[in-house]
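Structure record follows, encoded as structure tokens.
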Amino acid sequence: MSRPPLSPPPHSPPQRSQPPRIGQLPAGPHDAITDLAGVRVGHATLAPAADPALQTGVTVIHPHRQDPFLHKVPAGVAVINGFGKSVGLVQIEELGQLETPIALTNTFSVPAIAQAQIAQCCAAHPEVGRAWSTVNPLVLECNDGYLNDIQRMALNASHYQAASASASAQMAQGAVGAGRGMSSFQLKGGIGTASRCVRLADGRPYTVGALVLANFGLQAQLLWGGQPLGQQLAEQLPPPPQASAPAEKGSIIMLLASDAPLDARQLKRLAARAGAGLARTGSVYGHGSGDIALAFSTAYTLPHLPSQPMPAVRLVHEALLDPLFQAGADSVEQAIVHALWHAESVTGRDGHQRLCLRDALDAIKT
């Protein structure tokens with residue numbers, strides 16, 4: 001009688017073919033934030049072969065297919081660690097609504113992209129800032145300065161317009177758009193997405209989708225499906241760049257979308273659960289890490305014009321929120337895993353390089 005094959009050691013490197021599956025909840029059809037009806041994502045990536053010092057871009061998320069200024073989206077924000085330079089969060093905290101698409105980019109490009117959002121709204125509505133109120137642009141950022149020459153401020157309105165116009169339900173992940181120059185766990189970071197489906201105790205089914213811009217973490221801290229993969233990498237690979245200065249100076253933007261009818265206060269609570277998913281990957285919300293979460297609902301919109309009635313919404317009861325909280329945490333963790341998994345190795349400014357996780361795994365197996 002032959003013996004059964006031995007199980008792999010508990011901390012063996014993951015297989016290169018696929019990333020770990022986080023949690024027990026089912027994913028949506030695409031395991032992406034675009035599983036929410038109407039949500040579309042577009043990228044503009046700036047990485048010219050002749051100028052490797054430029055490794056940056058813009059990512060734009062459209063929460064629905066209607067005019068975002070006339071049909072505002074309920075939203076809530078959770079600032080887990082406020083080392084960031086985003087634009088638009090103060091008004092969202094006060095009013096609990098989005099009125100532009102969501103833009104992601106590098107830290108020094110926030111003003112240019114915000115101006116592009118304002119111009120986009122004014123072109124659609126000449127009354128904005130005149131007969132009507134001004135528009136609140138929403139641009140969230142991370143610092144891609146290790147790979148990208150951020151001081152060149154190379155992004156402009158045309159990149160925002162290109163990302164906005166290209167938005168679709170079929171979205172790329174990894175080193176694309178705003179994620180092009182980002183680093184995570186001293187490996188290549190970037191854009192990741194995931195979704196989870198739940199059924200509440202009252203029988204109503206809902207989906208929560210996440211999109212992250214991952215630019216955080218120290219290599220030794222990385223947890224991969226609960227396993228200390230970062231420690232294995234640190235033991236078997238040459239020290240990563242900046243290993244002698246281990247302070248975390250990265251950031252992460254975490255977006256959550258749900259078709260559950262939630263108000264701004266409930267969405268703020270959902271956004272806060274992104275921190276649970278972030279912590280599972282090994283983050284300690286370092287001093288220099290801007291960790292920002294924003295959640296929005298696709299279940300209804302809020303009219304800009306006071307002549308239009310406010311919606312009568314049957315909100316989810318507070319006592320039924322826990323499955324949505326779990327879906328939020330699981331989808332954020334999965335999105336971070338996907339950001340690392342889909343990234344490619346990139347060499348950028350001054351020859352700086354970030355190895356992608358798949359290449360790092362290949363290196364420790366040889």
Side-chain angles (χ1 to χ4, degrees), residues 5-35 171-176 179 182-198 207-237 240 250 252 254-256 273-284 293 323 325-345 354-366:
L6 294 174
S7 299
H11 301 325
S12 60
Q15 297 299 309
R16 196 185 197 277
S17 58
Q18 59 184 1
R21 175 70 166 75
I22 303 301
Q24 301 301 314
L25 295 175
H30 301 100
D31 199 8
I33 195 171
T34 53
D35 287 329
M171 61 166 289
Q173 301 183 69
V176 295
M182 301 299 170
S183 304
S184 198
F185 296 103
Q186 296 170 291
L187 299 164
K188 186 67 193 72
I191 296 287
T193 190
S195 68
R196 293 293 183 266
C197 302
V198 298
T207 298
V208 176
L211 183 148
V212 302
L213 178 61
N215 188 58
F216 72 99
L218 301 177
Q219 186 177 102
Q221 295 172 342
L222 173 60
L223 298 177
W224 190 250
Q227 300 300 320
L229 178 58
Q231 294 180 17
Q232 291 179 267
L233 295 175
E235 292 169 358
Q236 300 183 48
L237 290 176
I252 182 170
M254 298 166 285
L255 306 179
L256 287 169
R273 272 59 184 185
L278 175 60
R280 292 178 193 166
T281 67
S283 171
V284 297
F325 291 165
Q326 181 181 347
D330 286 0
S331 60
V332 165
E333 182 183 3
Q334 188 75 70
I336 294 169
V337 165
H338 285 164
L340 289 161
W341 190 259
H342 290 287
E344 63 189 77
S345 297
R354 288 299 192 204
L355 200 64
C356 74
L357 179 61
R358 288 170 293 133
D359 288 347
L361 292 175
D362 286 345
I364 67 174
K365 291 175 184 177
T366 58

Report task. Under the side-chain contact (heavy atoms from CB on, under 4.5 Å) rule, what do T34 and T193 come out as? Steps first, then yes or no, please. Result -> CA-CA 9 Å; T34 53; T193 190; over 6 Å; no
Query raised in the report: What do the steps show when you test V198 against Q326 for side-chain contact (heavy atoms from CB on, under 4.5 Å), and what is the final call?
Result: CA-CA 9 Å; V198 298; Q326 181 181 347; over 6 Å; no
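Nearest heavy-atom pair, I252 versus A214, reported as atom, atom and distance to 0.1 Å: CG1-CA, 4.1 Å. When all heavy atoms of L187 and A360 are compared, the pair lying nearest together is CD2-CB, 4.2 Å. Minimum interatomic distance between L237 and A363 (heavy atoms only, all atoms of both residues): CD2-CB, 3.6 Å. Closest heavy-atom contact between A210 and I33: O-CB, 3.8 Å. The minimum heavy-atom distance linking C197 with T207 is given by the pair SG-OG1, 3.6 Å. Closest heavy-atom contact between A274 and A293: CB-CB, 3.8 Å.
Of the possible polar contacts, one joining the N215 side chain to the S183 backbone as a donor-acceptor pair under 3.5 Å is found. A donor-acceptor contact shorter than 3.5 Å links the side chain of K188 to the backbone of M182. In this structure a side-chain-to-backbone donor-acceptor pair under 3.5 Å is present from S195 to G28.
Here the CD atom belonging to Q173 is positioned 8.0 Å from the CG atom belonging to D31, to the nearest 0.5 angstrom. Here D362 contributes atom CG and L355 contributes atom CG; the two are 9.0 Å apart, rounded to the nearest 0.5 Å. Expressed to the nearest 0.5 Å, how far CD1 of I336 lies from NE2 of H338 amounts to 11.5 Å. R358 CZ to E344 CD: the interatomic distance, rounded to the nearest 0.5 Å, is 8.0 Å. Taking CG of L218 as the reference point, atom CD of Q186 lies at 5.0 Å (rounded to 0.5 Å). E333 contributes atom CD, which lies 12.5 Å from atom CE of M254 (distance to the nearest 0.5 angstrom).
Tested against D330 for a side-chain hydrogen bond (donor to acceptor under 3.5 Å, both in side chains), the candidates R196, R280, Q24 yield a single pass: R280.
Side chain to side chain, S345 and D359 meet the donor-acceptor criterion of an N or O pair below 3.5 Å.
M171 is listed as a side-chain neighbour of I191, based on a closest heavy-atom distance under 4.5 Å. Using a 4.5 Å heavy-atom cutoff, the side chains of F185 and L229 are not in contact. In this structure the side chain of T281 never reaches within 4.5 angstrom of the side chain of L340, judged on heavy atoms.
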